[in-house]
Trainee: 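Mind looking over this structure? Questions follow.
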2 protein chains.
Amino acid sequence: MNLRDFRYLLAVTEYGHFGRAAQACGVSQPTLSVQLRKLEEQLGLALFERDRKTVVPTSACERLIGHVRAAVAEADAILAAARDLCDPLAGNFRLGIIPTLAPYLLPLVFAPLREALPTLTLEPWEDQTLTLLDRLRAHELDAALLATEVDGTEFTSQPLFDEPFLAALPPEHPLAAREVVAESDLAQDILVLADGHCLRDQALAACGQGGTLGGALGGTLRAASLSTLLSMVAAGYGTTLIPGLAAGTAQDMGIVLRPLKERTGRTVRLAWRSSFPRRAAAEAVGRVIGDRLRGFAAATGPI
Amino acid sequence: MNLRDFRYLLAVTEYGHFGRAAQACGVSQPTLSVQLRKLEEQLGLALFERDRKTVVPTSACERLIGHVRAAVAEADAILAAARDLCDPLAGNFRLGIIPTLAPYLLPLVFAPLREALPTLTLEPWEDQTLTLLDRLRAHELDAALLATEVDGTEFTSQPLFDEPFLAALPPEHPLAAREVVAESDLAQDILVLADGHCLRDQALAACGQGGTLGGALGGTLRAASLSTLLSMVAAGYGTTLIPGLAAGTAQDMGIVLRPLKERTGRTVRLAWRSSFPRRAAAEAVGRVIGDRLRGFAAATGPI
DNA sequence: CCGATCCGATAGACCCTGGCTATCGAGGCA
DNA sequence: TGCCTCGATAGCCAGGGTCTATCGGATCGG
């Protein structure tokens, strides 16, 4: 039993004439005769009453024809849907983004993405690195914007741009007087994010990994978001190290920003499953974001 | 694109494993791999993301899967319906019957038919011969019970039983005194049915075709039904000639019945389109009716 | 009454396709 | 490192779908 046979069947019921039905189907008349005869044998019933003059569907055929029409319609729907879906640059694209990047990057790239990939619907999803990787693994995300290396063969990643870190200081802080701040100087009273944020680890590493954390809150505060962290800095509770894209927000809060001596930073990259079939979409998204942010390191380096 | 491929697709989405899906489909694993690869190429999109460890449907596949399921379900519905319909002795059977036969024959054969062919649903349709033949031609009837010869190759017919005619007389009628009535004696004051009833023509033929019709109403009455005709006879307006099966009804009305000298009668036959594919059903119906009415001529001949 | 025409069925040949087995290649695990 | 699993690939074969050519029967027009 075959969808093609169903189309033949519908053509014959429509035209009441094997020859014209065959023409409509783009096959020869014997082909239709033979195939429909076979279909009748498979179903064990006569589908047409062949009179010398006319070809009339039997009552059994009329009982079946609704299902036949439905089956063919579903097949056509599959083809039509496939046509819509076959462009890898169209459709939904579920993009994971780490929380220290999302609020500052998304506003910059949303419009360019929409312009460059008008048929792609971006579905951003904000979570920490490990969660994003889990969701990638579970096929719940198509790709993720991360600030860490991705190793192993499971994922493929593409570096998009370098984002320098900046020292974030309360205006009255002693270090605020300097033009450039050494990473190690921040260690004294640095405030950091909660566990799981890659920025936390990177900030600690930059300021001298095992170094003792000074300050009143350095050892206890585990800010859940960069926004909270900035508020604490603005309130004078300590210093921190922020990603360059957050500079504008920090400045608006009255925080003093200084470039770092070692020019420490992070590389933002896009990662996807190596087996992800819409690699083209991932690369296109990466390219648009990269193009928009290229030269960001140079521009904000000296502020 | 093929229903078989759809089944393969559903199996793989269900099992997430080519080998097991192949087993469930009763084919080898390479067969599934190849066919699904082809399907992907035809649709122009990836249906599965093949990881070394798992086989996961792509989001495009999940968009399509509903239609795929529906198409397969419709195909299965066709098979199931065909199984129900493939017995020619099952289902509806639209049976045309002439009006001078229907009310007297149907009560006799309905129960035997139901018993002999329990899966066959009889749909009786009462009309005059020519209308029945038109409806047969138009595939609006499956077969028809007639009392006339059917010639030509368009229809096939099967004689079921012979039905003798009887003279129907008012009790006080002079002919009622005789044991047997000659057909020609009825001509004097015979009442007949309206045009189109085969019984009208047969009655006139029996009583001497072109002979002048006597009596007050003979020339003008065109009874629409045998029932009307019998009422007129019972009321003493004239005589008539009735089919044997109507004997009981006529006697109940006080009409005197007498056998005819020439033993004129009609043959009831079942007719269907020669191309009718459920010939078996028609023949079965004919056989049951014939069996029930066989020997009717002999039994009612002498009353 | 006979040839022309139409229509569906049939026959025979060809080629594609879908199925198989055998094997490969890449990971994962002991 | 060697074995096992699993999907992909290769190569072969059989069956089925399609074609052209033709038949058989019926209708129609001259």
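Just so it is clear, the values below take in all heavy atoms, side chains as well, and ignore hydrogens, waters and symmetry mates. From a predicted model like this one, the values you see are computed outputs, not experimental measurements. Chain identifiers are assigned alphabetically (A, B, ...) following the order of the sequence lines, protein sequences preceding nucleic acid strands; residue numbering begins at 1 within each chain.
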Trainee: Donor-acceptor pair, distance only, cut-off 3.5 Å: does the side chain of A:Gln158 make one with the backbone of A:Arg269?
Mentor: no
Trainee: C:dC6 C1' sits how many Å from A:Phe18 CZ, rounded?
Mentor: 15 Å
Trainee: Would you kindly give the CZ-to-P distance between A:Arg4 and C:dC16, to the nearest whole Å?
Mentor: 15 Å
Trainee: Find the distance A:Asn2:CG to D:dG15:C1' and express it as a whole number of Å.
Mentor: 14 Å
Trainee: What's the CD-P distance between B:Gln23 and D:dT5, to the nearest Å?
Mentor: 14 Å
Trainee: Can you tell me the distance, in whole Å, between the CZ atom of B:Arg50 and the P atom of C:dA26?
Mentor: 17 Å
Trainee: Between P on C:dC7 and CD on A:Glu49, what's the gap in Å once rounded to a whole number?
Mentor: 19 Å
Trainee: Output every pair passing side chain to side chain donor-acceptor pair (under 3.5 Å) with a member in residues 56-68 of chain B, not counting sequence neighbours, ordered by first then second residue.
Mentor: A:Glu74-B:His67
Trainee: Do any side-chain nitrogens or oxygens of B:Tyr8 fall under 4.0 Å of OP1 or OP2 in C:dG19?
Mentor: yes
Trainee: Near DNA chain C, which residues from residues 27-45 of chain B have a heavy atom under 4.0 Å away?
Mentor: B:Val27, B:Ser28, B:Pro30, B:Thr31, B:Gln35, B:Lys38
Trainee: Within a 6.0 Å radius of atom CD on A:Glu126, are there more than 12 heavy atoms belonging to other residues, nucleotides or ligands?
Mentor: yes
Trainee: Say you draw a straight line from CG of B:Leu133 to OG1 of B:Thr148; how long is it, rounded to the nearest 0.5 Å?
Mentor: 6.5 Å
Trainee: Between B:Arg273 and B:Leu141 (side chain of the first, backbone of the second, donor and acceptor by atom type, cut-off under 3.5 Å), is there such a pair?
Mentor: yes
Trainee: Between C:dC6 and A:His17, is there an OP1 or OP2 to side-chain N/O distance shorter than 4.0 Å?
Mentor: no
Trainee: Considering all heavy atoms of both residues, which atom of B:Pro243 and which atom of B:Glu163 are nearest to each other, and what is their separation?
Mentor: CB-OE2, 3.2 Å
Trainee: Between P on D:dG16 and CE on A:Met1, what's the gap in Å once rounded to a whole number?
Mentor: 16 Å
